[in-house]
Amino acid sequence: MSDSDFLTRLNPEQREAVLHEKGPLLVLAGAGSGKTRVITHRLARLVRSGADPRGIAAVTFTNKAAGEMRERAQALAGTAAPGFFVGTFHSWCLRFLRRRYREANLPPRFSIADSSDQLGLVKEAMEELGISADMLPPNSVRSRISQAKNALVSAERFAAQQTDFAGERIAQVYALYEKKLAASGALDFDDLIGRSVRLLSSSAPVAAEERRRLRHLLIDEYQDTNSSQDALVKLLGAESESLCAVGDEDQSIYRWRGAEIEHILRFEEDFPGARVIALEANYRSTARILAAASGLVSHNRRRREKRLRADRGDGASVRLWRFEEDRTEIEAVAREVAGRPPGEVAILYRTNAQSRPFEEEMVRRRIPYVVVGGMKFYERAEVKDVLAYLRLAARPEDDLAFRRVVNVPARGIGAATLDKLAAVVRETGKSWWEVSADPQGVPDRARTALARFREVIQDLRGKADTWTPSALLEHLLAVTGYGALYEGSEDREDVARRENIQELLSSAREFERRNAEGATVAEYLDTVSLATNEDIAESGGAVTLSTLHAAKGLEFPQVFVVGLEEGFLPHGQSAEDEEELEEERRLLYVGMTRAKDSLTLTLADRRLVYGRVEPRRPSRFVEEIPAQALEERFFGRPSSAAFSPKRTFFPAANVEDESQEADDRPLRRGRRVRHPRYGFGVILGEEGSGEETRLTVYFDRAGKKKFVARYADLTPA
DNA sequence: CTGCTTCACCTTTTT
DNA sequence: GGTGAAGCAG
């Protein structure tokens, strides 16, 4: 592709952003405005115009986004091995800290603690401090610690800031947590950024050298940067030849993780003389979809005023479907989906738990689907266990890994033994590995078991630097006995575990194929430590089920946003605080703007929540969507006072079963009935026939009940 | 020490 | 409804 071809595929604003030469640049990229196109073209253009690729870094938030960006930029740059960095904040920092572990005062092969490791350490620390989990939920302590780290607040400073009892206790946990993490030679996710910032700001020579290396910096999703990431960008980008930040505050959805919308709103103050380019042409959605989404998000106060232009036709109205109960919602959505190419459809929801009924319905109808995010491969116990062995192979002093698998599979090293070791570890400050070499006061049986375990690990250690990851994995499955743990079992869970272990093996082989040179065990461990869900699931020919968060950056011809009710959207935890409410609104905005041709919003008046039927109210956001862009339908019989008479009325029977023939029995599906005790209700389903017939009835007040028709005192209403 | 059962708990979003 | 901790029998 020639340079002129390359640029003609861009609109004037995009072109300007791609060609911008020196100094800070902020690209305000509205939804669907070709953001990725700008970043990839900019990368390619830098390479084509002769910049040293090793001095270019593009930073994104997810591995998936990074992979996509790398591929597209490579193709555009026309080089097989481009040499520039494309990756997440965390992966950039990990490389940096590996390179600089001495200056950063870190152990040479430090490992990475994920959030469940974090939680484990928090629980342990709380127990040692005698803080009960009833008083302070460990998970909220973990998140407080994480927040502090994201804001670059150390344990000491955090302690100094606390005024109340709970705060002081959290500060104690924070301090002990840090101690334990350090003892285990591990960094948590937040540390990867925090320690990088600390090193860059405390060591002038290191900072100078890094700045000399990094000439061009691109940051994607700038609206989602937290304080430590923002600090990192400032440290690295302040003097670089070009610093290009791309983002859209309307799509900021990670406040709970420390993201601050201020960073993008304040960019021009932080980087004086910054050029600002707004991309306002939306190439993705039809005009009505865009109008609905824009109208909604305009209710937010903390944002720049902007006007997105639809580049496509008007399209169909946004459909708002309201149902009497969740069952009908799920069936109606599934039926609509059944008529489409599955790969073109996405069903989006607020919380992971909402996916299940849709999954079941997809299975029932044999519609292929993928769940994005859902259960995370690398967080499954068996995967973590196997990787813990691999970590021990790389560094036996890895306390977290040691404790995870020292007795998995069971080898007779029980709680009593581990308590004794733990005490010695605490007193001496040595690692578990060291302490286990000469365990004091431990019965002979456990002693021999420990010795045997150590032999196994030592064997692995001897191979870790020379063997390939997959070979070592296979070997360790054999010698640790872990491979045999789930062998020969027909149990569904065990079969799944075996498959996951196989999957891990093939992912290791895949890693080796992709990195012919650097496919060491250590490199592999780094990669999997930062890998999360997405890298596994590939859609294509399947309906996508996803949380609103995980859908960011994706697009689909047809989108359903389901469960648009108070409690879900805004989420119950986020309905109070004004800022959180704005974030919930943005979340819906992000979901709506994923749709290209068709967007359907659904809600139900009654829903099964935690196993109980609960009355639901429509989300307040529904009212904020401009009515002209909406086409409302009500499926079923109105049950609440909130029912608006204007709305189109569709009897429930319509959604229940499309293929039912004319049928005038008084007690059939969809009919209103009356029960002396439960009052009025509607028949949801029939099972069996004749005298055996059983009816499921949903009562307005009493919820779902089942009856044998012959005995139940049901009368048509 | 192990493996099973039961019970109480909590339920937002993720690198 | 699912998970993790606690309790109990072998």
Side-chain angles (χ1 to χ4, degrees), chain A residues 59-66 87-94 112-120 123 127 132-134 137-140 142-143 146 149-150 187-194 221 224-226 228-229 252-259 348-357 360 372-376 378-381 407-419 442-443 445-446 449 485 493 527-535 546-552 563 567-575 580 583-584 586-588 590-591 608-612:
Chain A
V59 177
T60 66
F61 273 82
T62 65
N63 296 308
K64 194 164 112 199
T88 60
F89 270 108
H90 293 86
S91 70
W92 189 89
C93 289
L94 178 55
I112 295 159
D114 70 14
S115 24
S116 65
D117 296 331
Q118 282 183 309
L119 189 61
K123 283 182 180 164
E127 197 162 319
S132 103
D134 298 330
N139 226 329
S140 83
R142 187 193 56 79
S143 110
S146 177
K149 288 190 170 197
N150 284 329
L187 295 189
D188 62 28
F189 284 133
D190 306 317
D191 286 335
L192 291 175
I193 319 279
E221 311 276 19
D224 284 329
T225 50
N226 63 34
S228 59
Q229 290 161 337
S252 172
I253 54 175
Y254 287 111
R255 205 183 96 91
W256 50 274
R257 218 167 77 189
L348 310 181
Y349 36 80
R350 175 65 231 267
T351 66
N352 275 313
Q354 289 170 262
S355 76
R356 258 201 36 259
E360 283 162 8
V372 180
M375 232 205 263
K376 282 158 258 166
Y378 287 106
E379 285 182 13
R380 294 192 179 139
N407 200 33
V408 183
R411 27 175 90 85
I413 305 168
T417 304
L418 292 177
D419 280 347
V442 167
R445 284 177 72 126
L485 194 52
E493 295 281 307
T527 306
V528 295
S529 301
L530 296 184
T532 45
N533 44 23
E534 331 151 11
D535 313 301
S546 169
T547 61
L548 290 163
H549 280 91
K552 187 158 81 161
F568 281 149
L569 254 168
H571 191 271
Q573 313 270 310
S574 309
E580 290 187 352
E583 175 138 312
E584 296 288 310
R586 290 194 291 267
L587 204 43
L588 178 55
V590 165
L608 211 55
V609 189
Y610 310 137
R612 303 220 145 270

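Numbers restart at 1 for each chain; the letters A, B, ... are given by sequence-line order, proteins then strands.
A:H549 and A:Y254 have tilted rings, their planes meeting at an angle from 30° to 60° on a 0 to 90° scale.
Mapping A:A410 and A:Q118 onto DNA chain B by nearest heavy atom places A:A410 at the nucleotide closer to the 5' end. Mapping A:T88 and A:A415 onto DNA chain B by nearest heavy atom places A:A415 closer to the 5' end of the strand.
For the pair A:D117 CG and B:dT15 C1', the computed distance is 14 Å after rounding to whole Å. Rounded to a whole Å, the CH2 atom of A:W92 is 16 Å from the C1' atom of B:dT15. Put simply, CG on A:N63 is 11 Å from C1' on B:dT14, counting in whole angstrom units. For the pair A:F89 CZ and B:dT14 C1', the interatomic distance rounds to 15 Å; values are reported in whole Å. As a whole-Å value, the separation of A:I112 CD1 from B:dT14 C1' is 16 Å. What separates CD1 of A:I413 from P of B:dT2 is a distance of 8 Å, to the nearest Å. Rounded to an integer number of Å, the gap from A:R356 CZ to C:dT3 C1' is 13 Å. Here B:dG3 presents its C1' atom at 17 Å from CZ of A:R411, a figure rounded to the nearest Å.
Nucleotides C:dG4 and B:dT13 place their C1' atoms 22 Å apart, quoted to the nearest Å.
Between A:I193 atom CD1 and A:L187 atom CG the span is 11.0 Å, to the nearest 0.5 Å. In this structure, CD on A:Q354 lies 8.0 Å from CG on A:L569, to the nearest 0.5 angstrom.
When atom types are taken as modelled, the side chain of A:E221 and the backbone of A:T60 share no donor-acceptor pair closer than 3.5 angstrom. With hydrogens and angles ignored, the 3.5 Å screen pairs no side-chain donor or acceptor of A:Y349 with any backbone N or O of A:L548.
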Heteroatom pairs (N/O) under 3.5 angstrom, protein to nucleotides 9-13 of chain B:
{"residue": "B:dT12", "atom": "O4'", "partner": "A:H571", "partner atom": "NE2", "Å": "3.4"}
{"residue": "B:dT12", "atom": "O2", "partner": "A:R350", "partner atom": "NH1", "Å": "3.3"}
{"residue": "B:dT12", "atom": "O2", "partner": "A:R350", "partner atom": "NH2", "Å": "2.1"}
{"residue": "B:dT13", "atom": "OP1", "partner": "A:N352", "partner atom": "N", "Å": "2.8"}
{"residue": "B:dT13", "atom": "OP1", "partner": "A:N352", "partner atom": "ND2", "Å": "2.9"}
{"residue": "B:dT13", "atom": "O2", "partner": "A:W256", "partner atom": "NE1", "Å": "2.9"}
{"residue": "B:dT13", "atom": "O2", "partner": "A:R350", "partner atom": "NH2", "Å": "2.9"}
{"residue": "B:dT13", "atom": "O2", "partner": "A:H549", "partner atom": "NE2", "Å": "3.4"}

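Comparing C:dA5, B:dT14, B:dC1 by their closest approach to the side chain of A:A416 singles out B:dC1.
Between A:T417 and B:dC1 there is a side-chain N or O to OP1 or OP2 distance below 4.0 Å. In this structure, A:N407 reaches the B:dT2 phosphate: one of its side-chain N or O atoms is under 4.0 Å from OP1 or OP2. For the OP1/OP2 pair of B:dT15 and a distance below 4.0 Å, the side-chain nitrogens and oxygens of A:K64 include no atom meeting the criterion.
Of all heavy-atom pairs between A:Q118 and A:D190, the closest is NE2-OD2, 3.8 Å.
Across all strands, A:K552 comes closer than 4.0 Å to no nucleic acid atom at all (heavy-atom distances).
Ion pairing of A:K123 with A:E127 is absent here, as no side-chain N (NZ or NE/NH1/NH2) approaches a carboxylate O to less than 4.0 Å.
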